[in-house]
Amino acid sequence: MAEWVRIRDIGNYEGETVTLKGWLYLRTDKGRLKFLRVRDGSGVIQAVLFKKNVSPEAWQAADELTQESSLIVTGTVRADERAPGGYELDVRDLEVVHYAEPDYPIQPKEHGVGFLMANRHLWIRSPRQAAILRIRATVIRAIRDWLDNHDFVNVDTPILTPAAVEGTTTLFETDYFGKPAYLSQSGQLYNEANIFALGKVYCFGPTFRAEKSKTRRHLTEFWMVEPEMAFATLEDVMDVGEQMVSYVVQTVLEKHRRELEDLLERDVSVLEKITPPFPRISYDEAVEILHANGFENFPWGEDFGAPHETTISNQFEKPVFVYHYPTKAKAFYMEEVPDRPEVCRSVDLLAPEGYGEIIGGGQRIASVDLLEQRLREHNLPREAYEWYIDLRRYGSVPHAGFGLGVERTLAWICNLPHVRETIAFPRMLDHIYP
RNA sequence: UCCUCGGUAGCUCAAUUGGCAGAGCGCCCGGCUGUUAACCGGGUGGUUGCAGGUUCGAGUCCUGCCCGGGGAGCCA
């Protein structure tokens, strides 16, 4: 057998005889000539069989190949403009590992999303879905690389959390040795403890929200990276956010330009513009934009819904930071703006093209008194927060952080209609199979 | 939870005013040395989501239920 190579690297082997191991994606017979579209997880290539060039056994084997059969092919790599991808394999030998049963449900044609989701375990084999999953891996790695290279320490925060931190209506409850426990919605509060040990930290893991949300932007289980920094302010959050997001986008462009253009039909020119700095506007300015663009009656003080976010982000080519939200519209731990307590030092980053909020964060309350006041205002059980209050009692510092949602970021970069395509097995309201 | 659209062959869909259940793809058989979701010929394929009702007659009309898509609300 010749050297086993990956299809992605096939251009390095022009004129050489190589072996590929993969699955049959598509077959076209033309008499004594067969075209086999073979994929191996790294890419797809067209293998060409001429009857006169292979053994009768190999020809017979190829004749009986069904879609998704696994196979090993050996042949010569040849550049050919007629082949998708520019290279094809002139097959000399073919071995079938397993004949797939002839009723593989997913055809290379249009299918409904309900059918595809029911067959998600097979759908991920299609080139477009596999490309998204490869880009997802690049996004995650780029995030980690950027943070690791900027002195952030990765500290894992717990997924099982104790009772009733902020009400249980949006938390998944589980049984913890006879007591209720809840799947984590965020690692932020634990991150705030970790920065006092390590300065700058991040956690990166799955988070769970039991919200009855049924939109293109919501999953019940999704992945979030949450950096947190000691001796930091709202402005530091925006600085880090725009640097990190830009690095992620440019890294994806560098590694996946061809997949973005060919498989995802992404206009990469809009991604090329994603470089620092990002526009920064206040909540007040955002409300003015709404008033001038069809939402004349939007009341100051309300949080933005999806149509509002889209209208605001459509004013810009880059993601836009919106800061200083009304204090009442945000979480209890947000630091207030000096001399203007009705707004807080919070920030959201809205992705372009209507993809919504991909970052939410801000500066945290540093004072014991203000934190205790906020806990009372929000009717939160003080005993559950004793440890959190301690952080303000022993060397409190200004600190800030944010969370970035992997799936929404990926949906935006890949220009996907729905976040369900950004993860291999999405968990949604009413969908937990397969 | 609310609004809205939908459910017909394995898939994507059609079926006029209530009047014979259809096509393409897939799959099976045959043909073709450059196909790009090939093409040509033949074959295969149905509890019209479920239950009830109106009617000589229901995929079509009515009632209830189930399931799915899109959106809203919700959303550290």
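As the structure is a computational prediction, the values presented were derived from the model and not from experiment. Chain letters run A, B, ... following the sequence lines, proteins first, then strands; residues in each count from 1.
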Which nucleotide in the set [options] lies at the smallest distance from any side-chain heavy atom of [X]?
| X | options | value |
| --- | --- | --- |
| A/Lys214 | B/G34, B/G71, B/A37 | B/G71 |
| A/His111 | B/U35, B/C11, B/G70 | B/C11 |
| A/Phe35 | B/G10, B/U35, B/A37 | B/U35 |
| A/Pro102 | B/C75, B/G34, B/C27 | B/C27 |
| A/Glu211 | B/U33, B/C11, B/C75 | B/C75 |
| A/Asp29 | B/C32, B/U33, B/G34 | B/C32 |
| A/Arg209 | B/G71, B/A37, B/C75 | B/C75 |
| A/Ser213 | B/G34, B/G73, B/A37 | B/G73 |

With a 3.5 Å cut-off and heavy atoms only, can you find an N or O donor on one side and an acceptor on the other between the side chain of [X] and the base of [N]?
| X | N | answer |
| --- | --- | --- |
| A/Gln46 | B/U35 | yes |
| A/Thr170 | B/C75 | no |
| A/Glu88 | B/G34 | yes |
| A/Lys30 | B/C39 | no |
| A/His218 | B/C75 | yes |

Pairing of [X] and [Y] as salt bridge, 4.0 angstrom limit:
| X | Y | answer |
| --- | --- | --- |
| A/Arg39 | A/Glu68 | yes |
| A/Glu235 | A/Arg345 | yes |
| A/Lys200 | A/Asp236 | no |
| A/Lys330 | A/Asp348 | yes |
| A/Arg128 | A/Glu265 | no |

Whole-Å gap separating [atom2] ([N]) and [atom1] ([X]):
| X | N | atom1 | atom2 | value |
| --- | --- | --- | --- | --- |
| A/Leu26 | B/G34 | CG | P | 18 Å |
| A/Ile432 | B/G68 | CD1 | P | 13 Å |
| A/His308 | B/C75 | NE2 | C1' | 15 Å |
| A/Asp103 | B/G45 | CG | P | 17 Å |
| A/His431 | B/G69 | NE2 | C1' | 9 Å |
| A/Trp59 | B/U33 | CH2 | P | 9 Å |
| A/Glu309 | B/C75 | CD | P | 13 Å |
| A/Met428 | B/G70 | CE | C1' | 13 Å |

Roughly how far apart are [X] [atom1] and [Y] [atom2], rounded to 0.5 Å?
| X | Y | atom1 | atom2 | value |
| --- | --- | --- | --- | --- |
| A/Leu371 | A/Arg376 | CG | CZ | 10.0 Å |
| A/Phe304 | A/Phe298 | CZ | CZ | 5.0 Å |
| A/Ile365 | A/Leu391 | CD1 | CG | 13.0 Å |

Sticking with atom [atom1], work out how far [N] lies from [M], rounded to a whole angstrom.
| N | M | atom1 | result |
| --- | --- | --- | --- |
| B/G24 | B/A9 | C1' | 12 Å |
| B/G42 | B/C5 | P | 42 Å |
| B/G10 | B/U48 | P | 12 Å |
| B/C65 | B/G7 | C1' | 14 Å |
| B/C62 | B/U54 | P | 15 Å |
| B/U60 | B/A14 | C1' | 13 Å |
| B/U16 | B/G69 | C1' | 28 Å |
| B/U44 | B/C25 | C1' | 14 Å |

Contact nearer the 5' end of RNA chain B, comparing A/Arg37 with A/Ser186: A/Arg37
5' precedence on RNA chain B between A/Lys212 and A/Tyr104 (nearest-nucleotide basis): A/Tyr104
For [X], answer base if it contacts any base atom (sugar-phosphate contacts may also be present), sugar-phosphate if it contacts only those atoms, and nothing otherwise; contact means non-hydrogen atoms under 4.0 Å.
| X | answer |
| --- | --- |
| A/Ile106 | nothing |
| A/Asp80 | base |
| A/Phe115 | sugar-phosphate |
| A/Arg78 | base |
| A/Lys330 | nothing |

Residue pair A/His431, A/Arg120: steps toward the side chain to side chain contact (heavy atoms under 4.5 Å, CB included) verdict: CA-CA 11 Å; A/His431 286 276; A/Arg120 183 62 177 169; over 6 Å; no
Modelled atom types, side-chain donor and acceptor of A/Gln129 and A/Glu421, under 3.5 Å: yes
Within residues 345-376 of chain A, residues whose heavy atoms come under 4.0 Å of RNA chain B: none
Using a cut-off of strictly less than 4.0 Å, decide whether [X] has a side-chain nitrogen or oxygen near OP1 or OP2 of [N].
| X | N | result |
| --- | --- | --- |
| A/Arg420 | B/G70 | yes |
| A/Arg217 | B/A72 | yes |
| A/Arg32 | B/U33 | yes |

CD/A/Glu386: more than 12 non-hydrogen atoms of other groups inside 6.0 Å: yes
Nearest atoms (heavy-atom pairs only) where A/Arg280 meets A/Glu285: O-OE1, 4.5 Å
Parallel, tilted or perpendicular: ring planes of A/Phe196 versus A/His399, cut at 30 and 60 degrees: perpendicular
Intra- and inter-strand pairs of RNA chain B in dot-bracket (Watson-Crick or G-U wobble, both distances under 3.5 Å; | for another strand): (((((((..((((.....[..))))((((((.......))))))....(((((..]....))))))))))))....
